[in-house]
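To start, the structure itself, in structure tokens.
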2 protein chains.
Amino acid sequence: MTFEIDPVQSDRSRDALTAAHLYYMQDLTMDAIAQELHTSRSSVSRLLSHAREIGLVDIQIKSPLDAPSHLEQQIEARFQITAHVVPVPDSASDVDRLERVALSVARILGQYFDSNMTMGIAWGSTMNAISRHVTPKQTHNSQIVQLNGAGNMRTTGLGYASEILGRFGTAFGAHVQQFPVPAFFDNPDTKQALWRERSISRLIDMQAIMDIALFGLGSPFSGVMSRVYAGGYLEQAEFDSLSAAGVVGDVATVFYRADGSADGIALNERSTGPDFTVLRRTPRRICVVAGRSKLASLRGALAAHLITDLFVDESTARALVEAN
Amino acid sequence: MTFEIDPVQSDRSRDALTAAHLYYMQDLTMDAIAQELHTSRSSVSRLLSHAREIGLVDIQIKSPLDAPSHLEQQIEARFQITAHVVPVPDSASDVDRLERVALSVARILGQYFDSNMTMGIAWGSTMNAISRHVTPKQTHNSQIVQLNGAGNMRTTGLGYASEILGRFGTAFGAHVQQFPVPAFFDNPDTKQALWRERSISRLIDMQAIMDIALFGLGSPFSGVMSRVYAGGYLEQAEFDSLSAAGVVGDVATVFYRADGSADGIALNERSTGPDFTVLRRTPRRICVVAGRSKLASLRGALAAHLITDLFVDESTARALVEAN
DNA sequence: AACCGGATTGAACATACGTGCAAGGAGCCG
DNA sequence: CGGCTCCTTGCACGTATGTTCAATCCGGTT
């Protein structure tokens, strides 16, 4: 059985490419394009949508280099990272905020990820939002690796996490490596044992050499509970112990304090997320934050040097640099 | 006297940047953006136009790598160059053809030209058309060099050529080096003498080290006369001598035959355009051709290996590969 | 051949967008 | 201060684009 390119699909995409040329490079109207392609204007509209969807059209916004917003400059100077402040009106709800930051990230991600790369991806509401909008870009020999398990008392989490991962994988034409373990083990020994299994250690090894990590932040003790705390991953007792340990947030279900430290936090021993010492070896660590409720968590993650590239909504960014 | 950035201009561009983000990255409608920026929808429309004009927005069409059009593949295989076939319906007039090819080139040129580069530019109807559409891109320490003089019996040609050059210079923020000589000297000795002048040799030296050359083709003996033949640059006798010598075209007023040879063409001794042996040292030599009347000229230029990157309209491309 | 989804198409409708125009505002000079 | 020009703004209009819907086409099945 040979695999042939679906001629219809190919036809469609070739037309989409032509249409894109005519529309974006030659400024023809859709009407004019319709005539050249011997079809209706509405079909051209659809062709162009298709072209954008499959990533034939790439739209970039280029800051004139000298004009990263004042906020971005401040953040970069203070924390030694690259900052992208997403403009969102102060009146926007947290849901809007997340959606809009996620959309921006989704659009720009292709500029970071390329062929022969490995990208580690977490799960959670932030990652979910991003995944629903990733702009496709064809890559070869690239990998998407799940950063931490998603199973809990109720489900294996495979559906949810794999949906997210899958969307990234499809968009980039990358292999997807699932991580079929719970978010937290009940017993640290189980983790140790499993980590020695070749099927699992293979994955851990991939995490160790990934080029990009992409993650949101958990913020256990602020208004909006992130999925980890609402989804049945943690018992009340565990939650309390985090509180007692002074935890302010987590990255891929690994917890940290306000000063960035993570030592002696018991739950981390049972977490399946990458140890921070490992994570910090990843050259590019992209963190996506939306909403002021994650401010404390963000400060902690910055203190822990978990972030090299930050995407954040405008008002959270402002809060970050204002109150010291 | 200090130069300060015009605060109004800066305001405007900052808003344009924000608007571009909101429009292209977050898919807001102009109405929504107007609200966020506290202005009217029409102003947003204008802001976005402005943003595109000054090159804040960069739209690229990416062939899925595996799908350069059949024509492009054929041309690339046969002539060992990179080909860009611009889709133009067969019914289009030659003027349309030129306009549309030029627009495509103008849009894509920024991908080739960058900071610290030197680009040589010819003049003529093709270059004129391109210049009217170049998409701005900020570069530093870059140079635009005029390839050949534009003076003739009637004018110094400075106005015409410098207008073209100037548009490129402005778009890229590059220094423009004019070439204040006629297209052809009456006497070869004058050329030799002038070439030894430091003011001129400086320019010749720059041509020798340019990174990109951008030019159209002249086609003396086909339907549409290119500017060189219509604009009073050549006497009838000179024209006849070209015909007798078997000339099929020129690049920057340097002539060649169908087989690509240029030896013994008397007029070349008096031409101010770069010698082909010099031109061929330029790493990237972009040729723009629109209209089948230039086919013979194109064949000659290809035979002479003057081209590394070709932009051509579809039907001319088809003709190029068809009739052998 | 008849039948049945599912996908694709163009017409019609609903939005969104670009632009001419008149009104208003900021600078400049008399 | 008035008068002038030049630039910017929002409105209103016409055009361009997105989307719904009914009709049609297509491939597979009975």
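Chain A is the first sequence line, chain B the second, and so forth, proteins listed ahead of strands; every chain is numbered from 1.
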- Message: Heavy atoms only, 4.0 Å cut-off, all strands: where does T39(B) land among base, sugar-phosphate and nothing?
- Response: sugar-phosphate

- Message: Regarding S45(B), tell me which of base, sugar-phosphate or nothing describes its non-hydrogen contacts under 4.0 Å with the strands shown.
- Response: base

How many whole angstroms separate atom [atom1] of [X] from atom [atom2] of [N]?
| X | N | atom1 | atom2 | value |
| --- | --- | --- | --- | --- |
| D31(A) | dG14(D) | CG | C1' | 14 Å |
| M30(B) | dA16(D) | CE | C1' | 11 Å |
| L47(A) | dT19(D) | CG | P | 15 Å |
| I33(B) | dC17(C) | CD1 | C1' | 12 Å |
| D27(A) | dT15(D) | CG | C1' | 16 Å |
| H38(A) | dT9(C) | NE2 | C1' | 17 Å |
| L28(B) | dG18(D) | CG | P | 16 Å |
| L37(A) | dT9(C) | CG | P | 11 Å |

The side chain of [X] is closest to which nucleotide in this list: [options]?
| X | options | value |
| --- | --- | --- |
| R46(B) | dT17(D), dG10(D), dC17(C) | dG10(D) |
| S43(A) | dT17(D), dT9(C), dG10(D) | dT9(C) |
| R41(A) | dT9(C), dA12(C), dC21(C) | dA12(C) |
| T29(A) | dG20(C), dA16(D), dC21(D) | dA16(D) |

May I ask you to check whether [X] and [Y] show a side-chain donor-acceptor distance below 3.5 Å?
| X | Y | answer |
| --- | --- | --- |
| D313(B) | S315(B) | yes |
| R41(B) | T29(B) | no |
| T126(B) | N128(B) | no |
| S45(A) | S42(A) | no |

Examine [N]: is either OP1 or OP2 under 4.0 Å from a nitrogen or oxygen in the side chain of [X]? Give yes or no.
| X | N | answer |
| --- | --- | --- |
| S42(A) | dA11(C) | no |
| Y23(A) | dT17(D) | yes |
| R52(B) | dG18(C) | yes |

Specify the closest pair of heavy atoms between [X] and [Y], including all atoms of both residues, with the distance to one decimal.
| X | Y | result |
| --- | --- | --- |
| E76(B) | A83(B) | OE2-N, 3.1 Å |
| A317(B) | I75(B) | CB-CD1, 3.9 Å |
| P87(A) | T18(B) | CB-CG2, 3.9 Å |

- Note on the structure: Dot-bracket for DNA chain D, 5' to 3', Watson-Crick and G-U pairs with both distances under 3.5 Å, [ ] for crossing pairs, | for partner on another strand, reads ||||||||||||||||||||||||||||||

